[in-house]
Amino acid sequence: GSLAIAGNAIRDGILSGYYAETRAKPSIQFYDTQGNANGATVAYHLAVKDGAQMIIGPIGKDEVQAISTIATSIPILALNIGDAQNNKMLLNFSLSPEREGELIAHRLLAKKYLKVIVFSLKSESNSRIISSLQKHLGAGGGSMLVDAPIPRAIVDATTGMITSAKLPDSLLQAQAFVFLMSGPEAKTTRAVLASNGASATPILASVDIFESKDEKTNSQLDGIEFLQMPWLLGMNNAANVFVSQLKPLPSARSLSGSRLNAFGIDAWLISTHLQAWLNNPNGTLNGATGSLHLEPNGTIERTLPWSI
């Protein structure tokens, strides 16, 4: 289906966790959902008929919604968030943009940066981050002064000064900036802000800033605090699988694919540690995508480390 590429990357992560498992492990079988709600329903019934004791997936929102209404006999770790369902057999785990926005807001509040300007590349994911950030920042007494587009750099041929066609009027009122953009875009944006009197304003960034292939100019990002998966920082996880081990796989050749590999590893970790976790719901699990904890509503949340 339409989610085949993402599904393959997650599958590779699940299998890497499976083969690294040193304890007794169950057999594992994959089912094609065809990327739609009907296919997920068919796959679910087939898995139950085949004797499955637990299901990991599906990954599409519509698929998860369809499964959540019929899952009654075995536990399911859904790899997305559906609409609220009162189903004790269903756990939800996702790489939620809303969680990223919440973590950024908490970091800003902890540092007492209460007046914030966000510079973002327009996308659905970033819109969801901004909405969550604004909500949690406001709840803590802070405010987002403006959500601004990435400024377009204009270099004066005579003076070499970098300016921009339009910057927020409240630029110098901000106590911090938040960048929701890739590394190359962040380098340009930072130069524009510095040329307009805002070089000393602290900058926090989302995980996307890690996307910067030009290592020769990465020093231009020094001092920026950003969220990132432990997996991509080379940190250990409870599965004892490392990013370098999966690099030969086609699914790991892109940053987005590597993140989904980590997501699959954590799906395996959760499924194989579930009973111990349910016995100690306040415990955490050292995952590849972050430190994992179980919320009372069945949602598995991640806490990501900050890097500079």
Path from [X] to [Y] over hydrophobic side-chain contacts below 4.5 Å:
X	Y	value
Leu246	Ile28	yes
Met181	Val207	no
Leu255	Ile129	no
Leu46	Met54	no
Phe177	Val192	yes

For atom [atom1] of [X], decide whether the heavy atoms of other residues, nucleotides or ligands shown that lie under 6.0 angstrom number more than 12.
X	atom1	value
Gln53	CD	no
Asp169	CG	no
Lys122	NZ	yes
Lys247	NZ	no

Subject >> Full working for side-chain contact (heavy atoms from CB on, under 4.5 Å) between Ser206 and Leu227 >> reply: CA-CA 6 Å; Ser206 66; Leu227 284 169; over 6 Å; no
Could you tell me if the side chain of [Y] sits less than 4.5 Å from the side chain of [X], heavy atoms only?
X	Y	result
Val116	Leu145	no
Ser143	Leu137	no
Ile67	Val64	no
Lys25	Thr272	no
Phe226	Leu204	no
Phe119	Pro151	yes
Leu274	Leu91	yes
Asn286	Met235	no

**OP:** Assert yes or no for the condition that the ring centre distance of Phe93 to Phe263 is strictly below 6.0 Å.
**Re:** yes
Original post:
Does the side-chain hydrogen bond (donor to acceptor under 3.5 Å, both in side chains) test come out yes or no for Asn261 and Ser16, once each step is laid out?
Top reply: CA-CA 9 Å; Asn261 290 157; Ser16 69; over 6 Å; no
Table please: side-chain donor-acceptor pairs of residues 74-81 below 3.5 Å, with sequence neighbours left out.
unit_1: Asn80; atom_1: ND2; unit_2: Ile59; atom_2: O; d: 2.8

Compare every heavy atom of [Y] with every heavy atom of [X], then report the nearest pair and how far apart it is.
X	Y	result
Gly290	Asp266	N-OD2, 4.2 Å
Ile265	Gly13	CG1-O, 3.3 Å
Ser291	Thr284	OG-CB, 3.9 Å
Pro168	Ala148	CG-CB, 3.8 Å
Gly264	Ile14	O-CG1, 3.3 Å
Pro58	Ala40	CG-CB, 4.3 Å

**OP:** Evaluate the side-chain hydrogen bond (donor to acceptor under 3.5 Å, both in side chains) criterion for residues Ser125 and Ser123: first the C-alpha distance (whole Å), next the side-chain angles of each, then the deciding distance (0.1 Å), finally the verdict.
**Re:** CA-CA 5 Å; Ser125 177; Ser123 70; 5.0 Å; no
Rounded distance (nearest 0.5 Å) linking atom [atom1] of [X] with atom [atom2] of [Y]:
X	Y	atom1	atom2	result
Leu3	Ile10	CG	CD1	8.5 Å
Ile130	Glu98	CD1	CD	12.0 Å
Leu180	Glu185	CG	CD	11.0 Å
Ser132	Ile104	OG	CD1	9.0 Å
Leu95	Leu260	CG	CG	6.5 Å
Ile55	Gln29	CD1	CD	12.0 Å

**OP:** Considering only NZ, NE, NH1 and NH2 on the basic side and carboxylate oxygens on the acidic side, decide whether Asp208 and Arg259 come within less than 4.0 Å.
**Re:** yes
Without swapping roles, check the side chain of [X] against the backbone of [Y] for a donor-acceptor pair under 3.5 Å.
X	Y	result
Trp231	Phe242	no
Glu100	Pro97	no
Asn237	Val241	yes
Thr69	Ala66	yes
Ser131	Arg128	no

**OP:** Kindly indicate, with the supporting measurements, whether the criterion side-chain hydrogen bond (donor to acceptor under 3.5 Å, both in side chains) is fulfilled by Gln34 and Asn36.
**Re:** CA-CA 6 Å; Gln34 303 297 321; Asn36 58 64; 5.8 Å; no
**OP:** Could you list who else is in Met89's hydrophobic cluster, with ILVMFWY side chains joined at under 4.5 Å, directly or through other members?
**Re:** none
What pairs of donor and acceptor atoms, side-chain ones from residues 105-114 against any protein atom, are under 3.5 angstrom apart with sequence neighbours left out?
unit_1: Arg107; atom_1: NE; unit_2: Glu225; atom_2: OE1; d: 3.0
unit_1: Arg107; atom_1: NH2; unit_2: Glu225; atom_2: OE1; d: 2.5
unit_1: Lys111; atom_1: NZ; unit_2: Glu225; atom_2: OE2; d: 3.4

Report, one line per pair, each donor and acceptor closer than 3.5 Å where one atom sits in a side chain of residues 298-308; sequence neighbours left out.
unit_1: Thr299; atom_1: OG1; unit_2: Asn297; atom_2: OD1; d: 3.2
unit_1: Arg302; atom_1: NH1; unit_2: Thr289; atom_2: O; d: 3.0
unit_1: Thr303; atom_1: OG1; unit_2: Arg99; atom_2: NH2; d: 3.2

Subject >> Trace of the side-chain contact (heavy atoms from CB on, under 4.5 Å) decision for Leu193 with Ser199 >> reply: CA-CA 6 Å; Leu193 297 178; Ser199 61; over 6 Å; no
**OP:** Output every pair passing ring-ring contact (aromatic ring centres under 6.0 Å, His included) with a member in residues 11-44, not counting sequence neighbours, ordered by first then second residue.
**Re:** Tyr18-Trp268
Distance-only criterion, 3.5 Å: show the donor-acceptor pairs between side-chain atoms of residues 275-282 and protein atoms not counting sequence neighbours.
unit_1: Gln275; atom_1: NE2; unit_2: Asn279; atom_2: OD1; d: 3.4
unit_1: Trp277; atom_1: NE1; unit_2: Gly283; atom_2: O; d: 3.0
unit_1: Asn279; atom_1: ND2; unit_2: Gln275; atom_2: O; d: 3.2

Subject >> Derivation of the side-chain contact (heavy atoms from CB on, under 4.5 Å) call for Thr201 and Gln175 >> reply: CA-CA 6 Å; Thr201 305; Gln175 295 173 310; over 6 Å; no
Original post:
So Leu221 and Lys187, side-chain contact (heavy atoms from CB on, under 4.5 Å) or not? Walk me through it.
Top reply: CA-CA 6 Å; Leu221 302 175; Lys187 293 170 188 176; 3.6 Å; yes
